[in-house]
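What follows is a single structure, written as structure tokens, with notes after it.
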Amino acid sequence: MEYKIEVSSIFRFKKNIFPFILISCFKRFNHLRGNMKQDEQKPWTGRFTEETHKIVEDFTCSVNFDKRLYKEDIAGSKAHALMLAKQAIITGEEASIIIQNLDEIQKDIESGEFEWREELEDVHMNIEYALTEKIGSIGKKLHTARSRNDQVTTDFRLCIKNETKNIELFLHELQRAFVHSAEKYPDLIIPGYTHLQRAQPVLWAHHMLAYFEMFKRDRERLTDCLKRVNVSPLGSCALGGTGFPIDREYTAMLLGFRDITQNSIDGVSDRDFVIEFLGCLSIIMVHLSRLSEELIMWSSSEFSFIDLPDSVCTGSSIMPQKKNPDVPELVRGKTGRVIGHLMAMLTTIKALPLSYNRDMQEDKEAVFDAVDTVKRSIEVMTIVVDQMKPLVTCIKNSLKMGYLTATDLADYLVRKGLPFRHAHMVAGKVVYYGIQELKDLNEMSLEELKGICKEIEEDVFNYITLEGSINIKKSAGSTSPELVKNAITQAYKWLDKNKGNEI
Ligand code: ARG
């Protein structure tokens, strides 16, 4: 994601005396700073007399992972600089120098020339330090009316917004793979399960579309979560706001936030948005894990419902005959990891007094790892879903002797006037008879059936065959070919409307 914050978005500056007062303040400040040992010291060293212990420095340092926020940090700083100039807290010229040099820093980071320094703790101080190295005291003005406390949460909200968009795009492709598979095998009947026991015949396509719905909800959940992520805390400063006449709406607008947070303490304390986002990601992983479990079972010799092509499987180092479904196994395994990050964040936040506490730094690695895991898992499962092939003959065999249409027999008897509970009992007796005689429901003669229940007539065979059972379904959202065909059309329409790139 490229953030477009240009000097050209600058306004006409109001002339007032405020900048002059500020400039004289900065002069005095710089004079004091002149007494320090080295300019490259950490910004807080004014009240410190000892160097940070090396182990403490290592322990507190986050730059190794939070440098991933460099684009967001630079965008936030550019917006902040523009706002400071608009409000005449710094001059327009200073803002444009800051912005140009931040752009250069971004280029250096992207070309690998930027030197990240662990002693400067995090991404924020590294970039600010580099800026100051380039432009001296003008760079030192950037942190006016800002704290790392509002800076970090602004950056992180921008990053989560962006990743939400990326994840949506991945989910879109996965959903599409399910609809394609549904469309490809429109008549294929498979046994549907409850309690992992064969239950009723359903269409393969209907089963595929169940996953389409699950991932649709996941996308809706992300969109909803985004409402609360997409709010700017910038300008909350350390926790109590600032005496400078900042314009928080303006920075929010420049950064593309829909609103600003309403309470500065909450602005720097809130990590609900992180927990909620990890919650969304955990549910996505749970859905992927259920899918994985199903594909692992379906590809076993016991089921043999699908063939996973060699390109998505791996072999065994000892057993030459093996072809293992490692991809879905790993996705199922990684689910624990993402749920773990959610648990970690809930646990980290639960005992924190307001407002900012350093514990919150733990949110970065949790989210980064969860995001990477989710994106890679969706991506690889899209390939698996796209390439898996139903093994039609084996599926057909599995439909035999399962008494899958026993419910249809009971429903048939209800149509003939029996109360449902009675009909259920009779159908159960027919199943029992079939088990004794090794006959499936539609293999029994009319005489045999009539021997159990005289209400049964010739037309029963329109109901208790697999096709009969499927075709008769009428309720909205059920598995009849007509309704499923319509559901496929609706799914394509939904995908067209929700491309997932307009967050
Ligand atoms: N690295 C810190 C974090 O991720 C940035 C904010 C630090 N603020 C502070 N007052 N020490 O939370």
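First listed ligand is number 1; within each ligand, the first listed atom is number 1. Just so it is clear, the values below take in all heavy atoms, side chains as well, and ignore hydrogens, waters and symmetry mates.
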Regarding Q106 and E110, is there a side-chain donor-to-acceptor distance under 3.5 Å anywhere?
-> yes

Establish, yes or no, whether a centroid distance under 6.0 Å links the rings of H207 and W298.
-> yes

Side-chain heavy-atom pair V179, Y211 within 4.5 angstrom cut-off | no

R146 side chain to S77 side chain, donor-acceptor N/O pair below 3.5 angstrom | yes

Kindly print each ligand 1 N/O atom paired with any protein N/O atom under 3.5 angstrom away, one pair per line, or none if nothing qualifies.
{"residue": "ligand 1", "atom": "1 (N)", "partner": "D122", "partner atom": "OD2", "Å": "3.4"}
{"residue": "ligand 1", "atom": "1 (N)", "partner": "Q361", "partner atom": "OE1", "Å": "2.8"}
{"residue": "ligand 1", "atom": "4 (O)", "partner": "K364", "partner atom": "NZ", "Å": "2.7"}
{"residue": "ligand 1", "atom": "8 (N)", "partner": "N149", "partner atom": "OD1", "Å": "3.1"}
{"residue": "ligand 1", "atom": "10 (N)", "partner": "N149", "partner atom": "OD1", "Å": "3.1"}
{"residue": "ligand 1", "atom": "11 (N)", "partner": "R148", "partner atom": "NH2", "Å": "3.4"}
{"residue": "ligand 1", "atom": "12 (O)", "partner": "Y356", "partner atom": "OH", "Å": "2.4"}

Salt bridge (charged side-chain N to carboxylate O under 4.0 Å, His left out) partners for E118, two or more places apart = none

For the side-chain hydrogen bond (donor to acceptor under 3.5 Å, both in side chains) test, which of T60, N64, D66 pairs with S62?
-> D66

